[in-house]
Amino acid sequence: MVDYCCAPGCQNSRGKTKTKGKSFYRIPKDPERRNKWIAAIKRARGVLNKTERWEPTSNGFRLCSDHFISGAKSENPLSPDYIPSIFEHTSTAEKKRRNMLLDTFSRRQKAKRQRRAQPEKSSAAPVHWPVTSL
């Protein structure tokens, strides 16, 4: 089965030579996250029903890695890549803002990892200062 990206205007599909290295993600089953993905995709139901919300009918719908800031989806709800955000309808200013959000998120995650890796200093240990004579 060939996977095609379901984002409006995206021509990526698994198996094309120009899309090698791209990942294709299923639309989540979790209702809350699923609704956020569908809202972000902003795909019309059809040519005649442009105001009606699109709802994927099967599990065959995929979204390619081009629609995530870092190029991959995240399972962390705090990450900007938890919900896809890069589409044809996304303005350049919004893309820049999303990149800044991803940078901030990445720096915070790195700082958390560094704090966890450092051994905790015991505050109960006495501090010995060198004695000097005047």
Side-chain angles (χ1 to χ4, degrees):
M1 183 175 149
V2 177
D3 293 326
Y4 294 95
C5 184
C6 65
C10 187
Q11 301 295 316
N12 292 335
S13 67
R14 195 177 302 207
K16 281 187 178 178
T17 53
K18 73 173 189 172
T19 59
K20 289 230 185 264
K22 293 196 187 305
S23 299
F24 289 81
Y25 303 104
R26 286 189 174 129
I27 294 177
K29 290 182 181 179
D30 171 52
E32 185 179 335
R33 189 174 185 193
R34 180 182 182 85
N35 287 335
K36 288 179 181 179
W37 273 48
I38 292 170
I41 293 170
K42 292 185 181 177
R43 183 175 169 150
R45 184 174 288 278
V47 177
L48 299 175
N49 295 327
K50 289 189 176 186
T51 59
E52 223 177 299
R53 184 176 149 173
W54 171 72
E55 183 67 38
T57 55
S58 68
N59 288 335
F61 288 96
R62 305 278 196 282
L63 198 63
C64 73
S65 54
D66 284 355
H67 305 289
F68 297 90
I69 302 163
S70 67
K73 79 171 184 173
S74 173
E75 295 301 324
N76 185 338
L78 301 175
S79 171
D81 278 333
Y82 187 67
I83 307 296
S85 60
I86 306 298
F87 297 98
E88 215 174 56
H89 56 77
T90 308
S91 69
T92 304
E94 181 63 19
K95 288 177 185 175
K96 286 181 183 179
R97 190 180 77 78
R98 297 276 179 176
N99 277 324
M100 288 188 330
L101 287 173
L102 181 65
D103 289 343
T104 302
F105 173 77
S106 298
R107 282 194 310 272
R108 286 180 179 163
Q109 293 301 317
K110 183 178 178 182
K112 281 183 184 179
R113 286 190 298 273
Q114 287 175 344
R115 282 195 301 268
R116 288 183 188 144
Q118 290 177 349
E120 289 188 31
K121 295 179 182 176
S122 175
S123 60
V127 176
H128 299 285
W129 296 99
V131 178
T132 60
S133 58
L134 295 175

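Nothing fancy with the numbering, it's 1 onward along the sequence.
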Within the side chain of N12, is there an N or O that forms a donor-acceptor pair under 3.5 Å with the backbone of C64?
no

Could you tell me whether W37 and F68 have their ring centroids closer than 6.0 angstrom?
yes

Within-4.5 Å side-chain heavy-atom neighbours: N76 and Q109
yes

Spatial distance of atom NZ (K22) from atom SG (C10) [nearest 0.5 Å]
8.0 Å

How long is the span from the CG atom in L63 to the CZ atom in R26, to the nearest 0.5 Å?
13.5 Å

Nearest heavy-atom approach of S13 to F24 is C-CZ, 3.5 Å

Does one hydrophobic cluster hold both I83 and F105, with members joined at side-chain heavy-atom distances below 4.5 Å?
no

Test side-chain contact (heavy atoms from CB on, under 4.5 Å) applied to R98 and T90, step by step:
CA-CA 10 Å; R98 297 276 179 176; T90 308; 5.7 Å; no

Rounded to the nearest 0.5 angstrom, the OH-CZ distance for Y4 and R14 is 12.0 Å

Give the intermediate values and the outcome of side-chain contact (heavy atoms from CB on, under 4.5 Å) for residues D66 and C5.
CA-CA 10 Å; D66 284 355; C5 184; over 6 Å; no

To the nearest 0.5 Å, how far apart are CG in N99 and CD in E94?
10.5 Å

Minimal non-hydrogen separation, I41 against H89, with atom names
O-NE2, 3.5 Å

Does a sphere of radius 6.0 Å around CZ in R97 hold more than 12 heavy atoms from other residues, nucleotides or ligands, not counting ones at 6.0 Å or beyond?
yes

Is a donor on one side and an acceptor on the other found under 3.5 Å between the side chain of H67 and the backbone of I86?
yes

Any sub-3.5 Å donor-acceptor pair from R33's side-chain atoms to Y82's backbone N or O?
yes

Is it true that K42 and E88 make a salt bridge, defined as a side-chain N closer than 4.0 Å to a carboxylate O?
no

Rounded to the nearest 0.5 Å, how far apart are CG of L102 and CZ of R107?
10.0 Å

When you measure from the side chain of R34 to the backbone of P28, do you find a donor-acceptor pair of N or O atoms at a distance under 3.5 Å?
yes

Hey, mind stepping through L101 and I69 against side-chain contact (heavy atoms from CB on, under 4.5 Å) and telling me if it holds?
CA-CA 10 Å; L101 287 173; I69 302 163; 5.7 Å; no

